[in-house]
S.K.: 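This is the structure, below, for whatever I ask next.
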Amino acid sequence: MASLSFVSSSHLTLRAPSPNLRSSSPRPTSVSFSVKAQSVALSQDDLKKLAAEKAVESIKPGMVLGLGTGSTAAFAVDQIGKLLSSGELHDIVGIPTSKRTEDQARSLGIPLVALDTHPRIDLAIDGADEVDPNLDLVKGRGGALLREKMVEAVAERFIVVADDTKLVKGLGGSGLAMPVEVVQFCWKFNLVRLRDLFKEFGCEAKLRVGEGGEAYVTDNSNFIIDLYFKEPLKDGFAAGREIGKFEGVVEHGLFLGMATSVIIAGKNGVEVMNK
């Protein structure tokens, strides 16, 4: 298979209906907030919690919320549960992006609904595995990329929360996994096609496995092929389009033009970047 350079610029995303496409901004605006007790060393979990709690401040009574998946999003869900319990927040419903988020939300007394009955979401809050300067993302290392994208694509606002280790100059630049969800049927066939598609980026493709060495199965009964790049992608939009052309590919972890705000917590403060 011929390799693809992805040099041309495009602003089309996969599977997101046109009313929900958000144009990317080359220069997101940012506002910084100080971190309390800066003299105390903050762990990565401390930073994630700071970012998550800042995002939850945007929730208003009456909202339909998209509840993300992963360690950072879990802090946001916890905070929502605390505010509901104290009466500081009321009249909200959530749409979880995974079974584990659903379990967490139910345990905290957060009312849940489905996209079937609430197809318009006011605000989604979720983490990210990579954030580039245009606020484009890699997501899905927690295995929930399909449901996350379905929920967050229809959100009026999508706030991403992360610590500063997630910042990259280009998507794929962390050298960590960029997931692609595929059907189980002939998954090796698609693994080889995905690897060959990105061979000029030094791409390595691996089937994701669980702790016992068995293939990891998503909430939607699919497999995940993780792509590892030695060089960042030149054009995430073109890469996403080419991945989506393969039969048997369900979704990919490139979340492009979707985030409206990114909240990054670092050792020196919390930065809010808006489009």
Side-chain angles (χ1 to χ4, degrees), residues 1-18 20-24 70 128-150 152-153 166-210 214-259:
M1 178 182 296
S3 62
L4 299 173
S5 64
F6 305 125
V7 175
S8 62
S9 177
S10 174
H11 287 265
L12 297 177
T13 56
L14 295 176
R15 298 183 179 87
S18 57
N20 299 309
L21 294 178
R22 305 184 183 96
S23 60
S24 59
D129 300 308
E130 293 183 2
V131 180
D132 79 1
N134 288 324
L135 308 191
D136 290 326
L137 318 168
V138 168
K139 286 178 50 55
R141 289 180 192 147
L145 61 155
L146 174 57
R147 296 190 187 188
E148 286 174 338
K149 190 170 284 189
M150 289 178 68
E152 290 149 11
K166 304 302 191 293
L167 297 174
V168 294
K169 294 182 179 178
L171 297 182
S174 70
L176 300 176
M178 197 286 282
V180 180
E181 188 164 343
V182 301
V183 298
Q184 295 190 31
F185 176 74
C186 294
W187 63 265
K188 289 183 182 180
F189 173 66
N190 271 325
L191 183 149
V192 172
R193 292 204 291 179
L194 288 165
R195 181 197 64 201
D196 291 349
L197 179 67
F198 295 107
K199 63 183 179 182
E200 71 173 273
F201 297 94
C203 178
E204 186 176 2
K206 296 181 179 180
L207 177 70
R208 185 177 297 189
V209 297
E214 72 288 352
Y216 176 88
V217 179
T218 71
D219 286 349
N220 313 290
S221 301
N222 297 313
F223 286 169
I224 289 181
I225 295 172
D226 287 319
L227 305 181
Y228 299 85
F229 301 103
K230 292 183 180 178
E231 298 180 15
L233 296 170
K234 295 186 178 81
D235 187 334
F237 290 91
R241 283 198 311 275
E242 295 304 317
I243 293 172
K245 290 178 181 179
F246 288 151
E247 301 81 6
V249 166
V250 180
E251 192 51 88
H252 58 76
L254 294 168
F255 283 54
L256 310 171
M258 294 177 64

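Keep in mind that this is a model prediction, so the values were computed, not measured.
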S.K.: Does Leu197 reach the side chain of Phe246, with side-chain heavy atoms less than 4.5 Å apart?
M.R.: yes

S.K.: Say you draw a straight line from CZ of Phe185 to CG of Asn190; how long is it, rounded to the nearest 0.5 Å?
M.R.: 10.5 Å

S.K.: Closest approach of Gly140 and Asp129, non-hydrogen atoms and distance?
M.R.: N-OD2, 3.1 Å

S.K.: Checking salt bridge (charged side-chain N to carboxylate O under 4.0 Å, His left out) between Asp226 and each of Lys206, Arg208, Arg195, which is the one that passes?
M.R.: Arg208

S.K.: Verify, without hydrogens or angle tests, whether Asp132 (side chain) and Asn134 (backbone) share a donor-acceptor contact under 3.5 angstrom.
M.R.: yes

S.K.: So does Glu181 pair up with Lys149, basic N to acidic O under 4.0 Å?
M.R.: no

S.K.: Could you measure the distance from the CD atom of Glu251 to the OG1 atom of Thr218? Nearest 0.5 Å is fine.
M.R.: 11.5 Å

S.K.: Give me the atom names and distance for the closest heavy-atom approach of Ile225 to Ala205.
M.R.: CG2-CB, 4.1 Å

S.K.: Taking all atoms of both residues into account, what is the closest heavy-atom pair of Phe237 and Gly257, and its distance?
M.R.: CZ-N, 4.3 Å

S.K.: With rounding to the nearest 0.5 Å, note down the distance linking NZ in Lys199 to NZ in Lys230.
M.R.: 14.5 Å

S.K.: When the side chains of residues 170-178 are checked against the rest of the protein, which donor-acceptor pairs come out under 3.5 Å, sequence neighbours left out?
M.R.:
residue : atom : partner : partner atom : Å
Ser174  : OG   : Glu130  : OE2          : 2.4
Ser174  : OG   : Arg141  : NH2          : 3.2
Ser174  : OG   : Leu176  : N            : 3.1

S.K.: What is the distance from atom CD1 of Ile224 to atom OH of Tyr216, rounded to the nearest 0.5 Å?
M.R.: 5.5 Å

S.K.: What is the minimum heavy-atom distance between Leu207 and Leu191, and which atoms define it?
M.R.: N-CD1, 3.7 Å

S.K.: May I have the step-by-step check of side-chain contact (heavy atoms from CB on, under 4.5 Å) for Val138 and Phe255, ending in yes or no?
M.R.: CA-CA 6 Å; Val138 168; Phe255 283 54; over 6 Å; no

S.K.: Could I get the full list of side-chain contact (heavy atoms from CB on, under 4.5 Å) partners for Asp219, not counting sequence neighbours?
M.R.: Ser98, Lys99, Arg147

S.K.: For Leu254, run the side-chain contact (heavy atoms from CB on, under 4.5 Å) check against Leu233, Leu137, Val180 and tell me which one passes.
M.R.: Leu233

S.K.: Less than 4.0 Å between a side-chain N and a carboxylate O, is that true for Arg193 and Glu247?
M.R.: yes

S.K.: Where do Val131 and Ala128 come nearest, in terms of heavy atoms and distance?
M.R.: CG2-CB, 3.9 Å

S.K.: In Å, rounded to the nearest 0.5 Å, how long is the span from CG of Asn220 to CG of Leu146?
M.R.: 4.5 Å

S.K.: To the nearest 0.5 angstrom, please state how far the NZ atom of Lys234 sits from the CD atom of Glu200.
M.R.: 5.0 Å

S.K.: Just to verify, what does Tyr228 make a ring-ring contact (aromatic ring centres under 6.0 Å, His included) with, not counting sequence neighbours?
M.R.: none

